[in-house]
Structure formats: structure tokens, C-alpha cells
Amino acid sequence: MRPHAHGLGPGGRSLVKSATGATTAPFESVIGRGAHLYIQGKKHIDCASGTFNVSLGYTLPEVTDAVHAQLDRCAHLSSDLTKAKSREIFELLRAFLPDHIDSYWFRDIIGSTANECAVRMAQKATGRTDVVSLFLSHHGQSIAATGMSGNAFRQRSFHLPIAGSLKIPAPDCARCFYRQVPESCGMLCAQRLEDFVEFASSGQVAALIIEPVLGNGGNITPPVEYYSVLRDICDRHGILIIADEVQTGFGRTGTFFASNGYAKELKPDIITFAKGAGGIGIPVAGVLMRKELDVLESWEHSTTSGANPLALVALEATVKYIRDHEILENVAIVSKILRDGLTELSAFFPRVSNVKGIGLMLAFDLPSAADVARFIAISRENGVIVRGSRYGFGNTVKVRPPLTTTESDVHDILTSLRTSLQQLESE
């Protein structure tokens with residue numbers, strides 16, 4: 001494909017000015033091809049994978065063809081008519097699930113409501129109300145999901161009551177809440193969960209909801225021991241664990257779910273997914289759980305577009321592509337090159353620190369949020385799209401290219417990041 005030249009969109013349409021005066025491209029002129037975006041005629045490697053939901057790149061025939069074919073048949077069906085297809089897809093997923101996860105609920109298209117569904121399951125199954133979440137967590141944009149998330153700035157303008165919700169410090173070893181060091185902390189951040197349950201809850205804790213890697217919170221990647229301590233405490237108190245794998249699922253961390261890889265000791269009772277499940281950005285979400293937690297009536301949690309045929313065929317094609325094209329193996333290869341390259345950059349540039357993450361969910365820190373904002377702008381000028389943490393309030397730069405990224409792409413990414421850091425250092 002030939003990018004549009006001289007600031008013109010398709011058909012020679014001129015670029016337009018935004019309200020801020022910045023030059024923007026008409027919607028129709030922004031084109032995605034694999035891991036790349038062409039914006040105003042300029043090629044970018046998208047290391048944000050869209051909004052972390054374009055897991056297989058922007059255009060993948062195996063997914064786009066399936067969606068086109070379904071669109072020709074019909075774009076929407078009542079979930080009553082898609083039950084059989086949902087069951088087929090769950091059976092396809094079984095090979096990638098922890099052994100104890102043996103049921104599903106496919107009535108969502110976004111992670112926010114999938115997480116709400118998981119909480120409803122936990123509350124109904126246990127007869128309890130409280131939900132424990134973590135500082136810096138991000139569980140969605142809906143009222144309930146925002147209320148469970150661990151950032152005051154997202155709630156300060158609203159009244160978002162979540163009865164019995166309480167939050168505990170995140171396992172951020174670089175900024176330990178308890179001022180410990182990993183070598184001698186004894187997983188204090190996990191151990192203190194028991195104190196919060198005993199002294200800060202109503203005594204009716206239904207579930208702990210946790211992202212195996214805290215994505216928006218700064219790509220916080222706990223030590224593997226953290227998960228087993230949480231599991232032990234939750235078992236003792238009859239608390240269910242919900243693994244929010246909206247960002248970590250579908251190969252992002254190098255295994256299909258973090259829950260059967262890096263975070264397998266978490267042994268979640270419920271897993272939620274969204275984002276990358278649609279492969280090329282098609283909205284789809286769902287909940288996976290132990291059979292005995294399949295307690296909801298159809299009318300207790302549903303959405304109009306849940307289990308719609310476009311979402312289901314995209315989900316099915318995505319699972320098959322990951323399975324048939326050695327995507328997890330590719331993540332293992334290219335993520336090592338990318339992580340090693342980021343580590344080299346941190347050794348060379350004083351402002352870069354705390355390289356972190358797993359698989360193609362990588363990140364590094366800069367001294368301030370202002371540095372991150374400036375670096376994002378410089379990187380885009382140099383042909384790489386990256387994103388920051390905590391909606392611009394954090395000091396982490398997230399580097400998450402599509403899972404189909406090649407070794408050549410990774411070398412281009414590292415070259416561009418090096419150039420961008422040099423420019424940042426020189427300012």
C-alpha cells in the first residue's frame with residue numbers, strides 16, 4: 001500500500017485542524033496494516049496495539065474475512081440464537097484454560113461489564129457482598145468497575161458507591177507501600193490482605209479482583225510468589241479470586257492467559273477477558289469460571305450486543321489464529337529481544353529505569369509524568385506510538401506491540417525509542 005503523500009487524505013482531501021490547532025487526519029485517511037498505522041501519510045509502528053485491543057494487528061485476513069462473511073449473513077442475533085456458537089468457542093478455548101476452569105458466560109463485549117458479571121457471580125455464589133481490589137488497579141469505565149478501581153482521580157467528580165469495596169496496597173516493588181525490599185519482605189503486601197479482611201471489611205468479603213499485571217497502574221508485575229500467598233489467604237477465608245485478564249489475556253504475556261503461565265499460582269476461580277480477544281479490535285468480552293460458579297440467570301446479567309455474531313466469529317478466528325500460527329512462540333522470541341533492548345536503553349539513558357513486564361506487555365519508567373507526555377509526542381514524530389500510565393498521571397511508558405510483531409519490527413522499535421530518548425535528553 002502506498003501511504004498518502006503531501007498531507008492529503010484519500011481522494012486528495014486536505015488535512016483538517018483540530019480545536020487545539022493541531023493538524024489531524026480525516027477519519028477515512030487513517031489506515032492500519034498489520035502492526036502499522038498510516039497517519040497523515042506517515043507510517044507508525046503501533047506499540048499501543050490500538051487501545052491494547054489490536055492483538056493481532058489491524059488487518060488479518062483470517063479475522064477480517066470471518067467478520068465480512070458474517071456481516072453478509074447478519075450483524076446481530078438474539079443471544080438465544082448464538083448459544084451453540086458460544087459453546088463451540090468455549091470448547092475451542094478449553095485447551096488454553098487452567099484445568100479447573102470449566103464453564104463460561106459470553107454476554108459482554110467490554111471488560112467493564114465482564115468484571116461486573118464476575119462480581120455478581122461471586123456475590124451470588126458466596127452470599128457475601130464485599131469486593132477487595134488493589135491500589136492503582138483499573139477494572140473498567142462503568143460505574144461499578146470505576147468504583148472498584150484504585151485511583152481517586154477517576155472518581156472525585158462522581159458518586160460511585162460500591163458497598164463493601166475496599167482497596168489494599170499494590171505489589172509495586174519499585175515503590176513499596178511498606179518500604180520493604182523484595183529480598184526480605186516476606187510478601188508483606190500479600191500477607192496484609194488478611195489484616196484488611198479482619199479489620200477493614202464488613203466480614204462479608206465475596207471476592208478479590210486482581211489484574212495479574214496491573215496494566216494502567218504502571219505495568220506492575222508482581223513476584224510470582226505473590227500469587228500463591230493471595231491464594232492461600234483467600235482459601236482460608238472462603239474468598240473467591242477474580243483474575244481480570246482484560247489486558248493480560250489472549251497471549252499478551254506469552255501464555256494464552258497469565259493465569260496458566262506467569263500467574264498460574266493465583267489459581268483464579270473466575271477469569272474475565274476482553275480487548276485482545278477480538279484480534280483486530282472487534283469488541284468482545286466474556287467470563288470463564290469454575291462450573292459451580294455458573295449461578296446467574298440469563299436475566300441477571302446481559303447486554304444487548306453480548307454474544308453477537310460479529311463478536312463471536314472474531315473471537316473464534318482469533319483463538320484459531322493464535323493456535324495455528326505459533327503466536328505464543330513468536331511472543332516468546334520477540335519479547336526477549338524487546339526486553340533486552342529496553343534494558344540496554346535503561347543502562348545508557350539516565351532517565352530510563354525500572355524496565356518491567358512479561359511477554360509483550362513491557363514498560364519502563366521516566367522521572368515524571370511530564371517526561372512521559374513529552375516522550376510520547378517525540379516517539380510519535382519518530383514513527384512509534386506508545387502510551388503512558390494512569391491516564392497521563394503516571395510516569396510509566398508502556399510498550400506493547402501486536403503479538404504478530406516481527407524481529408525486524410522490534411529492531412525498528414528499539415532504534416526509534418533510542419532516537420526519541422536522545423532527543424528527550426537533549427532538551
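Treat the numbers as computed from the prediction; the structure is a model and nothing was measured.
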Query raised in the report: Does the pair Asp102/Lys291 count as a salt bridge with the N-to-O cut at 4.0 Å?
Result: no
Query raised in the report: Yes or no on side chain to side chain donor-acceptor pair (under 3.5 Å) for Glu211 and Asn216, after CA distance, side-chain angles and deciding distance?
Result: CA-CA 10 Å; Glu211 304 159 88; Asn216 192 54; over 6 Å; no
Query - Trace of the side chain to side chain contact (heavy atoms under 4.5 Å, CB included) decision for Leu93 with Phe250 - result: CA-CA 10 Å; Leu93 273 170; Phe250 284 73; 4.2 Å; yes
Query raised in the report: Relative to the ring of Phe273, is the ring of Phe106 parallel (under 30°), tilted (30 to 60°) or perpendicular (over 60°)?
Result: perpendicular
Query raised in the report: In terms of side-chain geometry, is the basic nitrogen of Lys320 or Glu62 positioned less than 4.0 Å from the acidic oxygen of its partner?
Result: no
Report task. Determine, using ring centers only, whether Phe257 and Phe96 are less than 6.0 Å apart. Result -> no
**Report entry** Basic-acidic side-chain contact under 4.0 Å: Arg175, Asp172
**Finding:** yes
Query raised in the report: Can you tell me how far the CG atom of Leu193 sits from the CD atom of Glu198, to the nearest 0.5 Å?
Result: 11.5 Å
Report task. Assess the side chains of Thr415 and Asp412: does a donor N or O sit below 3.5 Å from an acceptor N or O? Result -> no
Query raised in the report: Does a donor on one side chain and an acceptor on the other come within less than 3.5 Å for Asp130 and Ser202?
Result: yes
Requested in this report: Kindly assign one of parallel, tilted or perpendicular to the pair Trp105 and His301, based on the angle between their ring planes and the thresholds 30° and 60°.
Outcome: tilted
Report summary line: Which of Thr272, Thr113, Asn115 passes side chain to side chain donor-acceptor pair (under 3.5 Å) with Asp108? Answer is Thr113
Query raised in the report: For the atom pair CZ (Arg380) and SG (Cys47), what is the distance rounded to the nearest 0.5 Å?
Result: 13.5 Å
Requested in this report: Might you confirm whether atom CD of Glu407 has over 12 heavy atoms from other residues, nucleotides or ligands at distances under 6.0 Å?
Outcome: no
Report task. Answer yes when Glu425 and Arg351 have at least one side-chain N-carboxylate O distance shorter than 4.0 Å, and no when they do not. Result -> yes
Query raised in the report: Taking the six-membered ring of Phe52, is NZ or CZ of Arg387 closer than 6.0 Å to its centre and within 45° of its axis?
Result: yes
Report task. Please confirm whether the backbone N or O of His139 pairs with a side-chain atom of Ser149, one donor and one acceptor, at under 3.5 Å? Result -> yes
Query raised in the report: Looking at Gln247, Arg252, Arg400, which hits side chain to side chain donor-acceptor pair (under 3.5 Å) with Ser49?
Result: Arg252
Report task. Using distance alone, with no hydrogens and no angle criterion, decide if Arg154 and His138 have a side-chain donor and acceptor under 3.5 Å apart. Result -> yes
Requested in this report: Count the heavy atoms of every other residue, nucleotide or ligand shown that sit under 6.0 Å from CZ of Arg236, and state whether that count exceeds 12.
Outcome: yes
Report task. Give a yes-or-no answer on whether the side chains of Lys267 and Ser228 include a donor-acceptor pair shorter than 3.5 Å. Result -> no
Report summary line: Rounded to the nearest 0.5 Å, the CD atom of Glu91 sits from the CD1 atom of Ile89 at a distance of 11.5 Å
Query raised in the report: So, Asp365 and Thr396: side-chain donor and acceptor under 3.5 Å apart, yes or no?
Result: yes
Report task. Could you check Leu421, Val372, Leu417 and say which one makes a side chain to side chain contact (heavy atoms under 4.5 Å, CB included) with Val397? Result -> Val372
Query raised in the report: Is atom OH of Tyr391 surrounded by more than 12 heavy atoms (other residues, nucleotides or ligands) closer than 6.0 Å?
Result: yes
**Report entry** Donor on one side chain, acceptor on other, Asp409 and Thr406, under 3.5 Å
**Finding:** yes
Query raised in the report: Does the side chain to side chain donor-acceptor pair (under 3.5 Å) test come out yes or no for Asn382 and Ser420, once each step is laid out?
Result: CA-CA 7 Å; Asn382 289 323; Ser420 300; 2.9 Å; yes
Requested in this report: Evaluate the ring planes of Phe90 and Tyr104, with Trp represented by its six-membered ring, and classify them as parallel (under 30°), tilted (30 to 60°) or perpendicular (over 60°).
Outcome: parallel
Query raised in the report: Any side-chain heavy-atom pair from Phe364 and Asn219 closer than 4.5 angstrom?
Result: no
Requested in this report: Identify whether the distance between the nearest side-chain nitrogen and carboxylate oxygen of Arg94 and Asp99 falls below 4.0 Å.
Outcome: no
